[in-house]
Amino acid sequence: MNRFELARAATTGQARELLAEKPASVLKAGGIDLLDHLKEHLIEPPRVVDLKSVRGLNTIAAEPDGSLRIGPLATLAQIAAHAAVRKAHAALAQACGEAASPQIRNVATLGGNVLQRPRCWYYRLESYKCLKKGGDVCYAVGGENRYHVIFGGGPSYAPHPSNAAVALVALGATFVLEGAKGSRSVPAGEFFTPASQDPERENQLGPDEILTEIRVPAAAGARSLYEEVRERAAFDWPLVSLAATLTLEAGSVKEARLVLGAVAPIPWRVPKAEQALVGKALDEASASAAARAATIGAAPLSDNGYKVGLVQTLVRRTLLSLA
Ligand SMILES: Cc1cc2nc3c(=O)[nH]c(=O)nc-3n(C[C@H](O)[C@H](O)[C@H](O)COP(=O)(O)OP(=O)(O)OC[C@H]3O[C@@H](n4cnc5c(N)ncnc54)[C@H](O)[C@@H]3O)c2cc1C
């Protein structure tokens with residue numbers, strides 16, 4: 001990797017100043033994805049600004065109204081083990097608890113997980129100048145694409161890599177971003193940006209902005225679940241994942257939010273599957289109808305047609321587990 005200066009920020013304001021002082025500098029949280037980028041020469045920043053030295057960014061607060069305020073530096077392990085998160089926002093605890101390995105979860109942060117870059121092997125290899133690196137080709141289209149997207153592809157086909165992002169969209173979370181002009185709040189469902197908007201980015205975080213808080217609204221009677229399918233039981237990224245939140249009233253589904261992961265360049269909400277559930281009892285018939293509706297519009301590449309069947313099975317099974 002290139003030689004760089006390590007700067008430890010005491011406040012988020014100082015972190016932004018340190019970033020702005022030397023163009024192409026980067027922020028570090030746990031450093032898991034960032035160090036991969038440095039080691040693979042995907043980025044060569046003059047300065048790495050460490051956020052771990054900023055106090056108070058790693059708290060998880062369960063508010064009296066049932067909502068959560070989570071600092072971006074809270075680790076995946078802390079969130080997975082947190083009693084209030086597990087009780088009322090199970091999908092988030094499960095998504096964090098399923099990611100990577102115990103060692104990585106002890107270091108990796110929620111903010112870093114949501115902001116990590118795609119795992120596409122063409123993007124990760126220095127020698128391929130793909131669309132995500134300012135090139136003009138997505139090598140997955142005519143190449144090895146068994147882990148790539150079946151929804152929302154084009155011009156880039158790399159799937160969004162974050163478990164936590166899928167759960168946060170399903171739970172209706174909000175991201176608080178701090179920049180030179182102050183703070184702004186962006187709903188998780190709008191934060192992630194489609195590949196067609198700009199293939200070099202996966203979200204709307206500005207170059208001078210820091211993610212300073214993740215707010216999760218009260219569950220208000222909704223139950224949630226996160227499930228994934230991966231090739232091996234040991235640490236691995238999911239082939240497909242699903243976060244579901246459901247509110248039931250008098251035995252039938254009042255509200256449903258289903259979000260798929262690892263199948264699109266962003267966490268992928270499936271409204272037709274949600275509609276297949278609303279007003280119905282949560283049973284084999286409605287779960288199967290939702291499972292079929294979840295893959296309407298799927299457009300697999302040459303090697304990933306298997307994801308269509310996997311999504312259907314995962315949706316059906318997860319809904320029946322929630323029932
Ligand atoms: C073997 C292995 C298996 C894995 N399996 C999974 C998996 O199954 N599911 C999954 O979701 N992930 C998986 N991961 C990815 C891992 O969880 C992420 O790399 C990690 O969560 C990133 O968090 P971090 O704190 O280390 O982020 P960093 O590497 O420090 O940062 C990541 C990016 O976010 C930016 N950033 C971080 N915090 C902020 C902030 N507050 N404001 C603005 N920008 C910020 C950084 O500049 C950088 O660009 C795996 C990783 C490995 C190595």
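Every number for a ligand or one of its atoms is a count from 1 in the order of the listing. Computed from a prediction, not measured in an experiment: that's the story for all the values here. This chain uses plain numbering: 1 for the first residue, then up along the sequence.
Every atom of ligand 1 with a heavy atom of A100 under 4.0 Å away is listed here by number and element: 3 (C), 4 (C), 5 (N), 6 (C), 7 (C), 8 (O), 50 (C). Each of the atoms 25 (O), 30 (O), 37 (C), 38 (N) of ligand 1 lies under 4.0 Å from some heavy atom of A29. Short contacts between ligand 1 and F235, defined as distances under 4.0 Å to a heavy atom of the residue, involve ligand atoms 1 (C).
Taking distance alone, with nitrogen or oxygen atoms compared against 3.5 Å, V26 stays at or beyond that limit from ligand 1. Between G30 and ligand 1, at least one pair of N/O atoms sits closer than 3.5 Å. The shortest N or O to N or O distance between I32 and ligand 1 is below 3.5 Å. Between K28 and ligand 1, not a single N/O pair is under 3.5 Å apart.
The single protein non-hydrogen atom nearest to atom 36 (N) of ligand 1 is L115 CD1, 3.8 Å, given as residue, atom name and distance. Residue, atom and distance of the protein heavy atom nearest to atom 18 (C) of ligand 1 are Q116 OE1, 3.7 Å. Ranking the protein heavy atoms by distance from atom 47 (O) of ligand 1 puts L27 O, 2.6 Å first. The protein non-hydrogen atom at the shortest distance from atom 28 (P) of ligand 1 is G31 N, 3.5 Å.
Other residues, nucleotides and ligands contribute over 12 non-hydrogen atoms within 6.0 Å of the OH atom of Y306. More than 12 heavy atoms of other residues, nucleotides or ligands lie within 6.0 Å of CZ in R230, so this atom counts as buried by the packing criterion.
Neither the backbone nor the side chain of S101 has a heavy atom within less than 4.0 Å of ligand 1. Contact annotation: for I104 versus ligand 1, heavy atoms closer than 4.0 Å belong to the side chain alone. When non-hydrogen atoms are compared, ligand 1 lies under 4.0 Å from the side chain of L51 (C-beta onward) but not from its backbone.
Note that R124 lies outside the cation-pi zone of Y128, set by a 6.0 Å cut-off to the ring centre and a 45° limit from the axis.
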Salt bridge (Lys or Arg N to Asp or Glu O under 4.0 Å) assessment of R257 paired with E274: CA-CA 6 Å; R257 217 184 245 256; E274 295 168 0; over 6 Å; no
Salt bridge (Lys or Arg N to Asp or Glu O under 4.0 Å) evaluation trace for E144 with R146: CA-CA 6 Å; E144 296 277 347; R146 62 185 175 277; 3.0 Å; yes
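Listed by chain and number, the residues in a ring-ring contact (aromatic ring centres under 6.0 Å, His included) with F151 are W268 (sequence neighbours excluded).
Screening V176, L177, T174 for a side chain to side chain contact (heavy atoms under 4.5 Å, CB included) involving V186 leaves a single residue, L177.
You'll find the side chain of S25 stays beyond 4.5 Å of the side chain of V48, heavy atoms only.
Contact annotation for atom 49 (O) of ligand 1: protein absent (non-hydrogen atoms, distance under 4.0 Å).
Under a 4.0 angstrom heavy-atom cut-off, D236 registers as being in contact with ligand 1.
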